[in-house]
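Residue numbers begin at 1 in each chain, while the letters A, B, ... track the order of the sequences.
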Amino acid sequence: MPLIEYRDALNQAFAEEIERDPNVVLMGEEVAQYDGAYKVTKGLWKKFGDKRVVDTPISEAAFIGMGIGASMLGLRPVMELMFWSFATVTWDQIVNNAGQIRYMSGGLINCPIVIRGPANGGTNVGATHSHTPENMLASVPGLKVVSAATAYDAKGLMKTAIRDNDPVMFMENTLLYGEKGEVPEEEYLIPLGKADIKREGRDITLIAHGRAALTALRAAELLAAEHDISAEVIDLRSIRPLDEEAILASVRKTHRAVLVDENKPFCGVSAQIASMLQEKCFDDLDAPVLRVTALDAPAIYSPRIEPKQLPNPQDVIRKALSIC
Amino acid sequence: MDTATKSSDHAHAPINKNLTPEAKIQLLRDMLRVRRFEQQALKQYNGGKMGGFLHLYIGQESVAVGTCSLMGDDDHVITAYRCHGHSLAVGMTMNECMAELYGKATGCSKGKGGSMHFFAPDKNYWGGHGIVGGQTPLGLGLAYGLKYKGLKGAALCFLGDGAVNQGCFYESLNMAALFDLPVIYIIENNGYSMGTSLQRSSVVKDCLAQRGEAFCVEWAQANGEDIYEVRAVTQRAIERAHKESKPTILEFDTYRYYGHSVADAKHKGGYRSEEEIDAYKRDHDPIQLFKKRLLEERVITEAQFDEISDASKAEAEASAQFAEESPLPSETSIFEDVYYEVDRQTEAGRTGKHFFND
């Protein structure tokens, strides 16, 4: 199987869906002639031209809203936010228009749009560029939220997101764009709402999404090698819809859970899952559900310090050992 | 710039001069239907039949009716929260609109949208939007979609004089001109953004459409009380959209007789004088002016006018009756129309948990 970068896996997904469906159009700042700020859309403008790959001015409110309006007429716009942090300047369009229009029209209008871009800290770009808004977006009924940890997942989830008839918020990660992974040459799709057991285990379940799933995987390796603890790693892949069954089944098997989350702790994705676990498998738990999240302050710039603000394998191991 | 002058007689504009008597009467009827519908809605609102806000359009009818009367197959409309006039003008029924105000299952949005959120995509009508100015990028997107699909259409995007101060409107103007999109921004300038007069909200007091010059967008300012003028000016913008795929800003001076919403008690004698309101009702009422016009043209008689007015009133009363007798939405319907895939129980809709109450 070819080993390709996460960004190229996304690129393949776009190219394939542009070819498959004449209504798919990519838009955003620098996505066309510049090849994308992070080169995720590299070569697509050259290949598909002005109609299918469109550079926009720096006007997130207007171009995201434009994509939403066009999707109401049947286009399938795939909109890049150079950073998901910039969602704050188009929050009204995403939350009120993409998120509510189907409901408020009694189901008469739907909005098959994908809004995508990186949502991560850890790159020393300061607090304004380091937000992880997946929890905020997942709290809006009407929106779907997806987060990809690997190249394989990125491609399969993106293709599904583009074909989905609801608005999908797709979380990528600049720290992962250059990571290589195996991606098959033949076409595949990954359904939304299905978690992926990235590593099987018996003693404890580590639950995460996005890059935190890789942190959890590394922790699981070390727990096995150094502490003889068999950790299962569940990558949510899709946050809303959420694969509740997979989470509950794993915790019912291992009886312990540590949630790993690059969100801030207050109402982070992991808070929702912790609530679910205590409600639905209280009797199966042998220990409190613990969380490892980003440290609860704005993202610090200082390059030597910022990594400590995000979950790392040692944090996860410490929490796991405290309940194993 | 093609600013219309108030002295010219727009009855002779190409789009108006060939109107049949029947078509003229229809314009009058459409305006009367909007007014009688809203008068009925106000009565029922005061009777406790509906909740939330009720933003009445009374006084502005010529704008929605005049502009929407020009819509062709590929022309689309989107507006803000004062949407009842546009909804009826594009052909929605009084029943579905009144039932929506009552929050009934038979409402156009099944009781999920309310006064500010009427929709009829089958009539090229995309709402009904509650956030001031938030619909302006959506209008841009409708125009983008039309152009992308190779259709010769226009997106008529209405906004108020308050909405022109929202940032996304300017972003949209820039992109409309940059991408040559067939969007027509129609500013219904009724002089007040809620309780703040134009004098207190805009640095330039006498023209809002002119702001389009900063973006090389053609604009026109016109008298919104004359439905002939509304049609003449709008038709030029529609032709520009159809033939050149270019945007336009139109500004129609108009006036609302009631408050920002029914809950706005300060509109009369507060932020505007009773004399001002009375002067508009007396001298600038779009229905009375058009009635006078059609009497002069001998298109209608007083008796015919009364007949149309009475019929509109009866239709509005019947819509209240319909709404009253209609069922409420079921509580389970709260979870319907959130996700397309869930509603249709597609494989995607059956995969994973979409709702989190239990």
>> Do B:Thr351 and A:Lys194 have side chains that approach each other closer than 4.5 Å (heavy atoms only, starting at C-beta)?
In response: yes
> Under a 4.5 Å heavy-atom cut-off, does chain B meet the side chain of A:Asn165, its backbone, both or neither?
Replying inline: both
>> Does B:Leu142 form a side-chain contact (heavy atoms from CB on, under 4.5 Å) with A:Met72? I'd like the steps, not just the answer.
In response: CA-CA 8 Å; B:Leu142 292 171; A:Met72 296 177 347; 4.1 Å; yes
>> If you compare all heavy atoms of A:Pro57 against all heavy atoms of B:Asn174, which two are closest, and at what distance to 0.1 Å?
In response: CG-ND2, 3.9 Å
> Top residue by heavy-atom pair count (under 4.5 Å) with chain A, among B:Ile78, B:Asp358, B:Asn124, B:Thr346?
Replying inline: B:Asp358
> With a 4.5 angstrom heavy-atom cut-off, which part of A:Leu143 approaches chain B: side chain, backbone, both or neither?
Replying inline: backbone
>> With chain B as the partner, which of A:Leu108, A:Thr160, A:Ile64 has the greatest number of non-hydrogen pairs under 4.5 Å?
In response: A:Leu108
>> Let me confirm one number: the CE-CD distance from A:Met104 to B:Glu100, rounded to the nearest 0.5 Å.
In response: 10.0 Å
> What residue in A:Pro141, A:Pro191, A:Gly74 has the most heavy-atom pairs under 4.5 Å with chain B?
Replying inline: A:Pro141
>> Between A:Lys144 and B:His354, does the side-chain contact (heavy atoms from CB on, under 4.5 Å) criterion hold? Intermediate values first, please.
In response: CA-CA 9 Å; A:Lys144 294 179 175 176; B:His354 289 76; 4.0 Å; yes
>> If we define contacts as heavy-atom pairs under 4.5 Å, which of A:Gln272, A:Arg240, A:Glu244, A:Gln93 has the most with chain B?
In response: A:Arg240
>> Please find the pair of heavy atoms, one from B:Tyr144 and one from A:Val25, that lie closest to each other, and give the distance.
In response: OH-CG2, 4.2 Å
> Rounded to the nearest 0.5 Å, what separation is found between the NE2 atom of B:His129 and the CD1 atom of A:Ile101?
Replying inline: 4.0 Å
> Which atoms form the tightest heavy-atom contact between A:Asp92 and B:Gly134, and what is the distance?
Replying inline: OD2-CA, 3.6 Å
> Highest number of heavy-atom pairs under 4.5 Å with chain B: which of A:Ile58, A:Thr90, A:Asn97?
Replying inline: A:Asn97
> What part of B:Glu347 lies closer than 4.5 angstrom to a heavy atom of chain A: side chain, backbone, both or neither?
Replying inline: neither
> With a 4.5 angstrom heavy-atom cut-off, which part of B:Ile334 approaches chain A: side chain, backbone, both or neither?
Replying inline: both
> With only heavy atoms counted, which part of A:Ser105 is less than 4.5 Å from chain B, the side chain, the backbone, both or neither?
Replying inline: both
> Which of the residues B:His117, B:Lys110, B:Glu341 is involved in the greatest number of heavy-atom pairs with chain A at under 4.5 angstrom?
Replying inline: B:Glu341
> How about A:Phe63 and B:Met175: do any of their side-chain heavy atoms sit closer than 4.5 Å?
Replying inline: yes
> Does any N or O in the side chain of B:Lys149 come within less than 3.5 Å of the main-chain N or O of A:Asn23, such that one atom is a donor and the other an acceptor?
Replying inline: no
>> How about CD on A:Glu245, more than 12 heavy atoms from neighbouring residues, nucleotides or ligands closer than 6.0 Å, or not?
In response: no
> Relative to chain A, which of B:Gly113, B:Pro121, B:Ser109 shows the most heavy atom pairs under 4.5 Å?
Replying inline: B:Ser109
> Side chain, backbone, both or neither: which part of A:Asp55 has a non-hydrogen atom closer than 4.5 Å to chain B?
Replying inline: backbone
> Which region of B:Phe179, side chain (C-beta onward) or backbone (N, CA, C, O), has a non-hydrogen atom less than 4.5 Å from a non-hydrogen atom of chain A, or is it both or neither?
Replying inline: side chain
> Take atom CZ in B:Phe53; do more than 12 heavy atoms of anything else shown fall under 6.0 Å from it?
Replying inline: no
> Would you say B:Glu171 and A:Glu60 make side-chain contact, with heavy atoms under 4.5 Å?
Replying inline: no
> Around atom CE of B:Met194, are there more than 12 heavy atoms of other residues, nucleotides or ligands at under 6.0 Å?
Replying inline: no
>> Pair B:Tyr340, A:Arg102 - check side-chain contact (heavy atoms from CB on, under 4.5 Å), show working.
In response: CA-CA 8 Å; B:Tyr340 174 102; A:Arg102 177 170 174 79; 3.9 Å; yes
> Do you know which of A:Gly106, A:Ser59, A:Gly65 has the most heavy-atom pairs with chain B at a distance under 4.5 angstrom?
Replying inline: A:Gly106
> Side chain, backbone, both or neither: which part of B:Thr136 has a heavy atom under 4.5 Å from chain A?
Replying inline: neither
> Of all of B:Leu181, B:Leu140, B:Asp122, B:Val338, which one pairs up most often with chain A through heavy atoms under 4.5 Å apart?
Replying inline: B:Val338
> If we only count heavy atoms from C-beta on, is the B:Leu138 to A:Met66 side-chain gap below 4.5 Å?
Replying inline: no
> Is it the side chain or the backbone of A:Val140 that comes within 4.5 Å of chain B heavy atoms, both, or neither?
Replying inline: backbone
> Side chain, backbone, both or neither: which part of A:Pro167 has a heavy atom under 4.5 Å from chain B?
Replying inline: neither
> Of the listed residues (B:Ala348, B:Gly114, B:Pro137, B:Gly352), which shares the most heavy-atom pairs with chain A below a 4.5 Å separation?
Replying inline: B:Pro137
> Tell me, side chain or backbone of A:Leu242 under 4.5 Å from chain B's heavy atoms, or both, or neither?
Replying inline: both
> Around atom OH of A:Tyr34, are there more than 12 heavy atoms of other residues, nucleotides or ligands at under 6.0 Å?
Replying inline: no
>> At a 4.5 Å cut-off on heavy atoms, which part of A:Val89 comes close to chain B: side chain, backbone, both, or neither?
In response: neither
> Counting heavy-atom pairs under 4.5 Å to chain B, which of A:Gly142, A:Ser275, A:Ala61, A:Gly107 comes out on top?
Replying inline: A:Gly142
>> Given heavy-atom pairs under 4.5 angstrom as the criterion, report whether the side chain, backbone, both or neither of B:Leu178 touches chain A.
In response: side chain
> Once you round to the nearest 0.5 Å, how far does CG of B:Asp337 lie from CD1 of A:Ile109?
Replying inline: 11.5 Å
> Checking B:Arg350 against chain A: side chain, backbone, both or neither under 4.5 Å from a heavy atom?
Replying inline: neither
